[in-house]
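One structure is given below, encoded as structure tokens.
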Amino acid sequence: MPELLSAPLVVEFPFTRSLGPVQSAFLTGLRERTVLGVRTEDGRVLVPPVEYDPVTAEEIRDLVEVGSCGTVTTWAWNPAPRRGQPLSEPFAWVLVRLDGADTSLLHALDAPGPEAVRTGMRVRVRWAGERTGAITDIACFEPYDGEPEVHGTEHDGQFDDAVTGIVAPARLDYVYSPGRAQTAHIAALADHRTVGERCPSCHKVYVPPRGACPTCGVATTDRVEVGPRGTVTTYCIVNIKAKNLDIEVPYVYAHIALDGADLALHGRIAGMPYDQVRMGLRVEPVWKPGGRHPDHYRPTGEPDADYDTYKELL
Amino acid sequence: MTHDVAIVAFAQTDHRRRSDDLSEVEMLMPVLHEVLAHTGLKTGDIGFTCSGSSDYLAGRAFSFTMALDGVGAWPPISESHVEMDGAWALYEAWVKILTGEADTALVYSYGKSSPGQVRDVLTRQLDPYYLAPLWPDSVALAALQAQALIDAGSVDEPELAAVAARNRDDARTNPHAQLSGSVPQGEYIVQPLRAGDCSPIGDGAAAVILAAGDRARDLCERPAWIRGMDHRIEAHSLGVRDLTDSPSTRLAAQRAGVFERPVDTAELHAPFSSQEVVLRRALDLDDSVRVNPSGGALAANPVMATGLVRLGEAAARIHRGESDRALAHATSGPCLQQNLVAVLEGEDRA
Ligand SMILES: [Zn+2]
């Protein structure tokens, strides 16, 4: 058993989202240092605002300006901030009910330590220096013992150059381990060998192996070397160049059943005119120095395989 | 017509901090084989298969399709998947049997938290406009709830520690548990929650088999009949909710029939000690009820399978004759946002 493989895997995505009228007004308001809530039919003011009443599901649109000061309704001291969180020094997570609001907003509170934080304490918004129309336009809250102001005035929600969408970037870091079966397969590729696994029940050889026979639902255990030669079972001609791919179009992408395998794998066919690739063509892998997989497959020059020898693998 | 549906078999992995040597399907397959072996059924005998998992845990798209290899999906089977805890897959399977479209079902779920940072991963289920950009992690949100409970006078930190200690003490008789026995409360992860108040991070899988009517009696000596099941959700904005209460749990319990007669056992899906306090109050559980004899989520938390394990553990207790009427609860989302409650009963023994 080769040593278990693992590698960093980063998943990153910038979710681009459109905003409805209420969210647009709220986030644009933050950019202009104005906090807006929305009034429900029974007169409660929700901050942050939503477009539908969480109790009645009625559409709600009546915007209200609330204060930038408020009261902590609950808190939690975060001694070790994580990536992406509002402050990099230890801080308190807080739910804050802003003056004039009936519900609480989640954010961070900049405080020297947990002993400086309590439920019921007064806080105010610290605005971010550069504001774009996002919840992070509130940099954090800070302790504040000034007088409460009266709020709750109607607001038309109109601002110049309203924010209508946000980009919410996300990044998650993983360490990927492919497991026993795929580790053995990848390790063998390093020696330019292709290794599959045989199902102990139906005796099919799977390559690349995933550890289980999808037909029988049992572990595939017997390791079997397959190839290196194989047969094209089906193919397509690619006419559009993919981003960052250094291959001239058109080229042929094919399913290739390696000799001894009961499942076709994917590969590019080169070393012959693209329009002469055909089902049944006999091919062999071509490795490039340092390559982790065959770079492509080329014709062996053998006579084509008989259809009956690969029809089950289509 | 209505069908009586029961959980007739349950299997789970030993839950471990990491399982780098196993792909998801390799981790899952022994559990599938074990649960089938309990009943003597083969894949081809199963009327409906439903699974629960999440691509975000391992960072792989459509990972449940790979896990299907472990089921043996050829010849074609009737199959479905929920991107949720397997408890909700069980709910779907239960409905499928109630409609009469199947008389047996295989339900499984799995989660590998070890490849990523589960605290970060779970932030991606939050509201993307107001919450997710701040990356409030799962412990932080639970800590806000715990502080709200403390402020309300419902619990204090030593009582939270006692909840954690009792669960892990009970886990000593659970060979699958990841954490059992005396576990130090440790430092604050996010105050007021210490390490001991939080469920362990780990990998694992679980599976159950459901069957209807006489089929259940054929497959299991003492089936765990599902007398009722319901699931409810609360407003997604945390600041709209009273975090010290769980009205969705109470309503689901009421609709599932929990309050009609006392239960003797409750398997509660509480990934944090403070959440057990909320759930006990919502469900009116007093000290006569055996809560989490398995050790609960504080002993093993294979995310996406933890709720299904609660249903399985409650059922297994009925199978063994240790319970006659058990409650099983599963949760999803921050601060007990979504809650599923089921009532399981064994028939009177001669
Ligand atoms: Zn097989």
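Throughout, a chain's letter reflects where its sequence line sits, starting with A, and its residues are numbered from 1.
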Checklist line | Portion of B:Val25 that has a non-hydrogen atom of chain A nearer than 4.5 angstrom | finding: side chain
Check: If you count heavy-atom pairs under 4.5 Å between each of B:Pro136, B:Pro133, B:Ala148 and chain A, which one has the most?
Finding: B:Pro136
Margin query: With a sphere of 6.0 Å drawn around CD of A:Glu89, does it hold more than 12 non-hydrogen atoms of other residues, nucleotides or ligands?
Written below: no
Notebook entry, point to check: chain A heavy atoms under 4.5 Å from B:Ala142: which part of the residue, side chain, backbone, both or neither?
Noted result: neither
Next item on the list: Quick one: which of B:Pro75, B:Ala73, B:Gly44, B:Pro128 has the most heavy-atom pairs under 4.5 Å with chain A, could you say?
Entry: B:Pro128
Check: Would you find more than 12 non-hydrogen atoms of other residues, nucleotides or ligands less than 6.0 Å from A:Glu41 atom CD?
Finding: no
Margin query: With heavy-atom distances below 4.5 Å as the criterion, would you say the side chains of A:Val218 and B:His33 are in contact?
Written below: yes
Notebook entry, point to check: Can you tell me how far OG of A:Ser104 sits from CZ of B:Arg241, rounded to the nearest 0.5 angstrom?
Noted result: 12.5 Å
Check: Is it the backbone or the side chain of A:Arg118 that comes under 4.5 Å from a heavy atom of chain B, or both, or neither?
Finding: neither
Margin query: Just so I understand: if I count every heavy-atom pair under 4.5 Å between each of B:Ala140, B:Pro192, B:Pro115, B:Ala146 and chain A, which residue has the most?
Written below: B:Pro115
Margin query: Closer than 3.5 angstrom, by distance alone: can the side chain of A:Thr74 be matched with the main-chain N or O of B:Leu144 as a donor-acceptor pair?
Written below: yes
Note to self: Which atoms of A:Arg210 are under 4.5 Å from chain B, going by heavy atoms: the side chain, the backbone, both sets, or neither?
What the structure shows: both
Item checked: CH2-CD1 distance between A:Trp77 and B:Ile189, expressed to the nearest 0.5 angstrom -> 16.0 Å
Check: Just by distance, with hydrogens left out, do B:Asp137 and A:Gln85 show a side-chain donor and acceptor under 3.5 Å apart?
Finding: yes
Note to self: Counting heavy-atom pairs closer than 4.5 Å to chain A, which one of B:Ser114, B:Gly116, B:Ala235 comes out on top?
What the structure shows: B:Gly116
Checklist line | Non-hydrogen atoms of B:Leu134 and A:Pro86 that approach each other most closely | finding: O-CD, 3.5 Å
Notebook entry, point to check: Under 6.0 Å from the CH2 atom of A:Trp127, do we count more than 12 heavy atoms belonging to anything else shown?
Noted result: yes
Item checked: Under 4.5 Å from a heavy atom of chain B, the part of A:Tyr52 involved -> neither
Margin query: Using a 4.5 Å heavy-atom cutoff, which residues in residues 150-157 of chain B come close to chain A?
Written below: B:Asp151
Note to self: Closer than 3.5 angstrom, by distance alone: can the side chain of B:His236 be matched with the main-chain N or O of A:Pro54 as a donor-acceptor pair?
What the structure shows: no
Next item on the list: Could you look at A:Ala80 and say if it's the side chain, the backbone, both or neither that has a heavy atom under 4.5 Å from chain B?
Entry: neither
Notebook entry, point to check: Of the listed residues (A:Leu172, A:Leu95, A:Ile138, A:Asp173), which shares the most heavy-atom pairs with chain B below a 4.5 Å separation?
Noted result: A:Leu172
Checklist line | Check: A:Phe26 ring centroid to B:Tyr130 ring centroid under 6.0 Å | finding: yes
Margin query: Report which part of B:Leu36 has an atom under 4.5 Å of a heavy atom belonging to chain A: side chain, backbone, both, or neither.
Written below: neither
Next item on the list: Return yes if some donor-acceptor pair links the side-chain N/O of B:Glu26 with the main-chain N/O of A:Ala181 below 3.5 Å, else return no.
Entry: yes
Item checked: Residues of residues 16-24 of chain B near chain A, each having a heavy atom less than 4.5 Å away -> B:Asp20, B:Asp21, B:Leu22, B:Ser23
Check: What's the spacing between B:Leu141 CG and A:Leu106 CG if we round to 0.5 Å?
Finding: 6.5 Å
Note to self: Counting only non-hydrogen atoms closer than 4.5 Å, does B:Leu243 touch chain A with its backbone (N, CA, C, O), its side chain (CB onward), both, or neither?
What the structure shows: side chain
Next item on the list: Taking all heavy atoms of B:Arg124 and all of A:Pro169, pick out the closest pair and write down the distance.
Entry: NH1-O, 4.3 Å
Check: Do the charged groups of A:Arg83 and B:Asp120 touch, with an N to O distance under 4.0 Å?
Finding: no
Next item on the list: Locate the shortest heavy-atom distance separating B:Trp135 from A:Ala170; write the atom from each residue and the value.
Entry: CZ2-CA, 4.0 Å
Next item on the list: Using a cut-off of 6.0 Å, state whether more than 12 heavy atoms not belonging to B:Glu187 lie near its atom CD.
Entry: no
Note to self: Tell me which of these, B:Leu238, B:Val121, B:Val139, B:Leu68, has more heavy-atom pairs under 4.5 Å with chain A than the rest.
What the structure shows: B:Val121
Notebook entry, point to check: With distance as the sole test, does B:Tyr129 use its side chain to make a donor-acceptor pair with the main-chain N or O of A:Arg17 at under 3.5 Å?
Noted result: no
Margin query: Can you tell me which portion of A:Val10 sits under 4.5 Å from chain B's heavy atoms? Options are side chain, backbone, both or neither.
Written below: neither
Next item on the list: Could you tell me which non-hydrogen atom of B:Ala143 sits nearest to which non-hydrogen atom of A:Ala76, and how far apart they are?
Entry: CB-CB, 3.5 Å
Note to self: For a side-chain contact (heavy atoms from CB on, under 4.5 Å) check, start with the C-alpha distance between B:Arg60 and A:Tyr174, then their side-chain angles and the critical distance, and finish with the verdict.
What the structure shows: CA-CA 10 Å; B:Arg60 307 185 64 198; A:Tyr174 302 90; over 6 Å; no
Margin query: Heavy-atom cut-off 4.5 Å, strictly under: side chain, backbone, both or neither for A:Pro48 against chain B?
Written below: both
Note to self: Looking at chain B, which one of A:Thr103, A:Thr215, A:Val55 has the largest number of heavy-atom pairs inside 4.5 Å, strictly under?
What the structure shows: A:Thr215
Notebook entry, point to check: In terms of heavy-atom proximity below 4.5 Å to chain B, should A:Pro8 be classed as side chain, backbone, both, or neither?
Noted result: neither
Check: About how many Å separate CG of A:Leu46 and OG of B:Ser237, when rounded to the nearest 0.5 Å?
Finding: 8.0 Å
Notebook entry, point to check: Side chain, backbone, both or neither: which part of A:Val11 has an atom under 4.5 Å from a heavy atom of chain B?
Noted result: side chain
